[in-house]
Amino acid sequence: MLDKAFDPATLEARLYAASEASGAFHADPSRAAAPYTIVIPPPNVTGSLHIGHALNNTLQDVLVRFRRMQGRDALWMPGTDHAGIATQMVVERLLATEGKKRQEMGREAFLERVWQWKGESGGTITRQLRRLGASLDWERERFTMDEGLSAAVLEVFVRLHKEGLIYRDTRLVNWDPVFQSAISDLEVESREVKGNLWTLRYPVEGQPGRFIRVATTRPETMLGDTAVAVHPEDARFADLVGKHAILPLTGRRIPIVADSYSDPEKGTGAVKITPAHDFNDYEVGRRHDLPMPSVLDAEARVMLSEIEAELAAVEGVADPGFVRSLAGMDRFAARKAILAELERLELLEATEPHTHQVPHGDRSGVPIEPRLTLQWYCDAATLAKPAIAAVEDGRTQFVPRQYENLFFAWMRDIQPWCVSRQLWWGHRIPAWYGPDGQVFVERSEAEALAAAAANYGRAVELTRDPDVLDTWFSSALWPFSTLGWPEQTAELKKHYPTDVLVTGFDIIFFWVARMMMMGLHFMDGEVPFKHVVIHGLVRDARGQKMSKSKGNVLDPLELIDQHGADAVRFTLCALASPGRDVKLDPQRLEGYRAFATKLWNAARFLEMNGVRVDASWRPEQAEGVLARWLLAKADDAARDATAALDAFRFDDYASTLYGFTWNTYCDWFIEFAKPVLNGPDGPEKDEVRGVAQYVLGQVLRLLHPVMPFITAELFEKLGYGEAVALTTAAYPKAEGQGAASAAVDLAIAAITAIRSARSALNVPAAAVLPLRVGQGSAASLQALRDFAPQIMRLARVEAPQFLADAAEGAGPGASAVAVDVPLFLPLSGVVDLAAEAKRLAKDRAKAEAERAKLEAKLANPGFRAKAEEAVIAETEQRLADAAAEVARLDAALTRISS
RNA sequence: GGGCGCUUAGCUCAGAGGUAGAGCGCCUGCUUUACACGCAGGAUGUCGGCGGUUCGACCCCGUCAGCGCCCA
C-alpha cells in the first residue's frame, strides 16, 4: 500500500544509488543500439552546484533519459575541468591558513598538495549532480588533468605546433597582477568605476609656452607614452601634426601623430599613446611604428628598465630623479605621486570626476593591466574557418537558431588565442629551450633532447617552459578526449560526433567555439556535436540576476530538500522556454510539487480500487468508449511529448504531460471510472481497470525523463517492475489508437454545461436536480444514455429524462446545451428566474455578436472570391452554429418568461 | 555608437495568416470517502503605438516607443 503522501526525501538517495549500481546509466559500445551522446560541459572542479547547473543538467538528463528509453545506447559523459586559476587560488588560500606560500614550497610539492586537495574536496559537484538525479555514466568520469586527457593535450599541442598553428609571439595580453598571469579576454569583465579624468599639459617642442593637452584616466602610464595622437581632420591640431611634444617627467621627445582613433569630441581631442599598456594605444603604436616600452612589471609596479636610458632633465618639466624614485612603486601609489609632481610643475590642468568602464579580472577582482609579454598563441582564425563553415551548412545547428549570429560574430573576428598561463596547476607546455633559446616542442623530454642533439650536433641541456596551458585548451578537446582520443577506442568510434551540447549563451565562446575548432581539426573534419542547445540564465522571481550580495540566490540543494528533486527538475523544465531566461518563483516550485503529489494520489486511488498491473493487457482489445477515449488521448500525449523533446521544447514537453496527467487522466478519466469501479464486477469493470493501469504505466514512462524519482517509485510499488527497470523501459509511442471518442467529449460538455448553470444560479452544491434531455442526434442521445451514471454523479442530477418531442420540457427552469442537445433543469421555485434570464441574455448577446461578425465576413465579396474553400465552409458552419445558439437561447428565454 | 532579442490576462509565459491560450494569482461555492499540495464555477485582453501588405494581421513588412542582453 502506498503511503498517504509522497515523501521525496525518503526515497531519492535509495533510488539513485540503486540505478547507478544497476549499470543502467552505463553505455556499452559493444551493444548494437544506436548511440546517443552528450558530454557534460565540464563543471569547475572547485565548484558546487548552483541553480544554473541545475537547469543545465536537468535539460541534459531529460534528453539522455528520453533517448535511453527509446532504446539508444545513451552515454552522458561526466567529469570536471581542472580550473587552473580557480583551483590554484583555492589551494593557495588553504596554504595561507597554514602560514605557507606556494613559492616557498616549490612547484613539485605544491602540485602534490593540489592533487591532495582534489582527492579530498574535488568531488563536491559530482556528488551534488547525483542528488539532482542526473543519469551520468559515472564509470567513465574524467578529469581534464587525468592521464588520458593529458596525453590528448600533449598530442594536440605538439601537432598544432608542427603545423604552425601554435607559435610564440610578443603581444599585448590581459595581465592579472594578482595571479601574475595572462588571462583570457573572456575572463575579463568590465566594471563601472568612479574615477577621474585628468587633463595633462605636454609642452610642444620648440614652441615655448605652448602645450598640447591630453585627457587620461590612467596618468601613471604616461611614463610609457610614445606619442600624442590627434584626429587627422581636427583643425585645432593641424599645425602640430609631425611636431613633437616633450613628455613630462621623463623628458622624452615624442611625436604628435594623426590617427582617427583620437576622438575630437572626447576630452581635449588629443590623446596620449601608451602602446605597451593599452589595447587601443597598441594598435595606434603599430600603425605609426612607435616604440613600446613597458613601465609596469608583473605585479603592476613601476618598472624603469625600458625607459631609463632615455630619461632627460628638462627644466620645469622633467626630473629623472623623481622618475627613479617611482621604481617599484605600486601603480596606484605611482598615480598619486605622478599627479602630485605634475601639479607641482603646473602640468596638471584639470581633475574632473569621471565614471568609466575598467576591465577587471573576474576571479582576482583587480583591474587588469595590459602588458606586452612573450606568450604561446594558437592561430584561432585558421581553426575558426571550418567551424564557421560547419554552422553555415548546418552540420552543427544552434537551438534557438538566432544564437548562430553570436557565434559567427565572434568567430569571424577572432583574435589569436593566448594559450599560455603563468601558473603551476595545469598542463605544462611541452616546450624546451636550448642554450641559445631555440625552442623544441616534443611529446617528451627525451624526444626534445634528441631533437636538440640533432640540431646542435651534440647533447645539450634544455630548460622546460615553466608555463601551463589555459584550462580551456583542455576543455576544447573534451568531446573527443573523454572518449579516449588519441587512442582509437570503440567509444570514440561509436560516440563521436556527439549529439548535443547543452549550455548557457554566456559560454558559447568558452566551450562551443573552442570545441568546434579542435573537434573539426583533430577528428577529420567531423563536428563535435550536431546540436547546440542554448538555455537562458536562471533569475529570481522578479527577473533579477541571482547574486550573493543581493541575497536572492536559490540553492538547488535546499530546493531539493524542500520540494524534492522531481519538482525542481519539472519546474526548470517547464520554465525553459527557448531563448528566454528562467524566472524562478518559489511559487512555481510549490505548484509542481503539488503535481507530483497529484500523481502519487492518483496512483494511490487506483491501488485502493483494486487496479493491479496487468502486463498482458492489450490496448487493441479495449472496446469500451471510455477506454478508447483515454487511449486516444494518451496517444496524443505521447506524440506531443516526443515531438516536443525532438525539438528541444522542454516547456512544451512539461506542459503536455502536466495537462494530460492532471486534466485528462485525473479530472476526467478517474472521475468517469469511479461509477464503474464502484459498480458490479464484470467485463466493463475489468476493462476500466485494465486501461487505468495501462495508461498510468504510460504516464510513468512519459514523465520519467523529467521526474525520475517519483515515477520509479510508483513503477515499483504498483508492480510494473523494478524501479531501475523504468530507466530502460520503452518510451511510449503513439500507437494509432484512433481519435478520442466524441461520446466522452459530449458527456464532458454536458457535465460542464450543467455545472456552469448551477453555479451561475447559486444552486446549492448538495442539491440533486432533475434533468430533462431535449432533441438531438441519435449519437449524442446515446452518449448521454451511456454516461448517465457519470453525468448524475459529476453534475449532481437525477437520472436524465429523455423527452419525446421538442415541446416537452417547456416551463420555467435553467437550460444548458451540450454540443447539439438542449438540457433542461426544471427549477421552478428552486431558482432565481431573474438571474437565469440575465445569464441567458448575456450568453445570447455573445452569440449574437459572433453571428453578426461571421455574417459580415461572409457578406464580404472579397472573402467569397479569395478565401480558401475550406475556410469559407468552416465560416458558414460557424455562422449556422451561432445562429442556432441564438435561437436556442431565445427559446430558453421564452420558456422562462412564460 | 553597432548588433541581437523582447513587449499577449494581475504575474510568468506559450501561440497558428482565418474561433486568443496555459500555469500561478484573484473572486465565489464545496469535508462529492485518492488528493484542501484538493474539487467545481467565474472574471480579466483595443495581443506596446502608428502606418502598410492582404478578402482577412496578434502573426508578414515598415516605423516609433519602452525594456533587456552582447560588443565598442
Side-chain angles (χ1 to χ4, degrees), chain A residues 2 4-6 185 190 263 265 279-280 357 400 402-406 408-410 413 505-506 508-509 536-537 539 541-543 545 563-564 567 571 574-609 611 644 649 651-652 654-656 658-659 662-663 666-667 670-671 673-674 677-678 751-766 768 793-796 839 850 853-854 856-868 870-872 874-875 877-879 881-882:
Chain A
L2 290 173
K4 182 127 202 273
F6 168 55
D185 295 355
S190 223
D263 181 350
E265 309 287 313
F279 284 93
N280 291 310
Q357 299 291 324
Q402 70 257 24
Y403 285 105
E404 289 178 4
N405 293 329
L406 194 61
F408 288 139
W410 197 69
D413 185 35
F505 64 86
D506 50 333
I508 288 176
F509 312 130
L537 241 54
R539 296 169 176 275
R542 293 188 303 171
K545 249 187 199 174
H563 305 286
T571 305
L575 300 181
S577 294
R580 283 220 190 223
D581 285 345
V582 171
K583 285 181 196 154
L584 189 59
D585 186 338
Q587 261 189 351
R588 301 299 299 260
L589 279 158
E590 285 167 26
Y592 292 120
R593 184 186 54 185
F595 175 64
T597 307
K598 185 76 184 174
L599 177 64
W600 183 267
N601 279 304
R604 237 179 107 230
F605 169 80
L606 300 186
E607 191 183 42
M608 291 165 70
N609 280 274
V611 175
R649 284 301 301 260
D651 53 341
D652 286 348
S655 75
T656 292
Y658 184 95
W662 201 310
N663 304 126
C666 294
D667 290 346
I670 288 185
E671 293 305 327
K674 279 177 180 174
L677 296 171
N678 291 337
I751 291 163
T752 305
I754 296 167
R755 281 171 170 173
S756 181
R758 292 176 60 113
S759 172
L761 301 177
N762 298 316
V763 176
V768 177
R793 177 191 162 89
L794 297 174
R796 301 221 134 210
R839 184 180 77 100
E850 174 76 359
K853 195 176 105 184
L854 292 165
K857 191 169 188 175
L858 284 162
N860 181 346
F863 178 70
R864 288 272 182 199
K866 297 197 178 175
E868 281 170 44
V871 171
I872 295 173
E874 190 191 317
T875 308
Q877 182 56 50
R878 282 175 52 211
L879 175 62
D881 291 348

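In what follows, chains carry the letters A, B, and so on, assigned in the order in which the sequence lines appear, proteins first and then strands, with residues in each chain numbered from 1. Below, each value reflects all heavy atoms present in this structure, side chains not excepted, and no hydrogens, waters or symmetry copies.
- Between the P atoms of B/rU7 and B/rU46, the separation comes to 16 Å (whole Å).
- With RNA chain B read from its 5' end, the first of the two nearest nucleotides for A/S577 and A/N609 is the one closest to A/S577.
- Comparing B/rG18 with B/rG56, their P atoms sit 14 Å apart, to the nearest whole Å.
- The CG atom of A/D585 lies 8.5 Å from the CD atom of A/E590; values are rounded to the nearest 0.5 Å.
- Across all strands, A/Q587 comes closer than 4.0 Å only to sugar-phosphate atoms, never to a base (heavy-atom distances).
- Across B/rC39, B/rC13, B/rC37, the shortest atom-to-atom separation from the side chain of A/K583 is found for B/rC13.
- Residues passing the salt bridge (charged side-chain N to carboxylate O under 4.0 Å, His left out) test with A/R864, sequence neighbours excluded: A/E876.
- For A/R755, there are no salt bridge (charged side-chain N to carboxylate O under 4.0 Å, His left out) partners, not counting sequence neighbours.
- Contact annotation for A/Y658: backbone-only contact, meaning every heavy-atom pair under 4.0 Å involves sugar-phosphate atoms and none involves a base.
- Counting heavy atoms from C-beta on, the side chains of A/I754 and A/L794 never come closer than 4.5 Å.
- Here the side chains of A/L599 and A/F6 are not in contact, with every heavy-atom distance at 4.5 Å or above.
- Here the C1' atom of nucleotide B/rG23 and the CG atom of A/D667 are 14 Å apart, to the nearest Å.
- Residues that satisfy the salt bridge (charged side-chain N to carboxylate O under 4.0 Å, His left out) test with A/K583, not counting sequence neighbours, are absent from this structure.
- Atom P of nucleotide B/rA72 and atom CG of A/N280 are separated by 10 Å, given to the nearest angstrom.
- Sequence order on RNA chain B of the closest nucleotides to A/R755 and A/G862 puts A/R755 first from the 5' end.
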Polar atom pairs (N or O), protein with nucleotides 7-10 of chain B, under 3.5 Å:
residue	atom	partner	partner atom	Å
B/rU7	OP1	A/R580	NH2	3.2

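- When the C1' atom is used for both B/rG10 and B/rU44, the distance is 8 Å, rounded to whole Å.
- The C1' atoms of B/rU53 and B/rU63 are separated by 15 Å, rounded to the nearest whole Å.
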N/O-N/O pairs, protein side and nucleotides 15-19 of chain B side, under 3.5 Å:
residue	atom	partner	partner atom	Å
B/rG15	OP1	A/R649	NH1	3.1
B/rU19	O4'	A/R878	NH2	2.8

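- Heavy atoms of A/N860 sit under 4.0 angstrom from primed sugar atoms or phosphate atoms, though from no base atom.
- When the C1' atom is compared between B/rC11 and B/rA72, the two are found 36 Å apart, to the nearest whole Å.
- In this structure, A/T875 contributes its side chain and A/V871 its backbone to a donor-acceptor pair below 3.5 Å.
- Here the shortest heavy-atom pairing between A/C666 and A/I670 reads O-CB, 3.4 Å.
- Of the P atoms belonging to B/rG62 and B/rG5, the separation is 12 Å, rounded to the nearest Å.
- Remark: C1' of B/rG3 and CZ of A/F505 are 15 Å apart, rounded to the nearest angstrom.
- A close approach under 4.0 Å does not occur between any side-chain nitrogen or oxygen of A/Y403 and OP1 or OP2 of B/rC69.
- For the C1' atoms, the distance from B/rG38 to B/rC24 is 16 Å, rounded to whole Å.
- With sequence neighbours excluded, the residues satisfying side-chain hydrogen bond (donor to acceptor under 3.5 Å, both in side chains) with A/Q877 are A/D881.
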Side-chain donor/acceptor pairs under 3.5 Å, residues 601-608 of chain A, sequence neighbours excluded:
residue	atom	partner	partner atom	Å
A/N601	OD1	A/R604	NH1	3.1
A/N601	ND2	A/T597	O	3.0
A/E607	OE1	A/L2	N	2.8

Anything under 3.5 Å between a protein N or O and an N or O of nucleotides 28-33 of chain B, put it in a table, one pair a line.
residue	atom	partner	partner atom	Å
B/rU32	O4'	A/R796	NH2	3.3

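- Nucleotide B/rC69 holds its P atom 9 Å from the CG atom of A/D581, rounded to whole Å.
- A distance-only check finds a donor-acceptor pair linking the side chain of A/R758 to the backbone of A/A765 [under 3.5 Å].
- No engagement by A/S655 is indicated, since no non-hydrogen atom pair under 4.0 Å with the nucleic acid exists.
- Distances from the side chain of A/L406 to the nucleotides B/rG5, B/rC37, B/rC70 place B/rC70 closest.
- Among the heavy atoms of the strands, none lies under 4.0 Å from A/D413.
- Between the CZ atom of A/R593 and the P atom of B/rC35 there is a distance of 17 Å, rounded to whole Å.
- Atom-to-atom, CG of A/L584 to C1' of B/rC11 comes out at 15 Å; the value is rounded to the nearest Å.
- For A/K598 against B/rC35, a side-chain N or O and a base N or O form a donor-acceptor pair under 3.5 Å.
- Both key distances under 3.5 Å define a Watson-Crick or G-U pair, and stretches of 3 or more such consecutive pairs in RNA chain B run B:1-7 with B:65-71, B:10-13 with B:21-24, B:26-30 with B:38-42, B:48-52 with B:60-64.
- Listed by chain and number, the residues in a salt bridge (charged side-chain N to carboxylate O under 4.0 Å, His left out) with A/D581 are A/R539 (sequence neighbours excluded).
- For A/D185 and B/rC70, the CG to P distance is 16 Å, given to the nearest whole Å.
- Taking A/Y658 as the reference, A/Y592, A/F595, A/W662 meet the ring pair (Phe, Tyr, Trp, His ring centres under 6.0 Å) condition, with sequence neighbours excluded.
- When the side chain to side chain contact (heavy atoms under 4.5 Å, CB included) test is applied to A/F279, the partners found at least two apart in sequence or on another chain are A/L172, A/N174, A/P370.
- Within the 4.0 Å cut-off from OP1 or OP2 of B/rC39, at least one side-chain nitrogen or oxygen of A/W662 is found.
- Rounded to the nearest Å, the gap between the P atom of B/rC58 and that of B/rG48 is 10 Å.
- Judged by distance alone, the side chain of A/N860 and the main-chain N or O of A/G862 form a donor-acceptor pair under 3.5 Å.
- The shortest heavy-atom contact between A/L589 and A/A567 is CD2-O, 4.0 Å.
- Which of B/rA34, B/rG23, B/rC70 sits closest to the side chain of A/I670 comes down to B/rA34.
- Protein atom CD of A/E590 is 11 Å distant from nucleotide atom P of B/rG38, rounded to whole Å.
- Here the CZ-CD1 distance, from A/R793 to A/I751, works out to 10.5 Å after rounding to the nearest 0.5 Å.
- Counting non-hydrogen atoms under 4.0 angstrom, A/E671 reaches a base of the nucleic acid.
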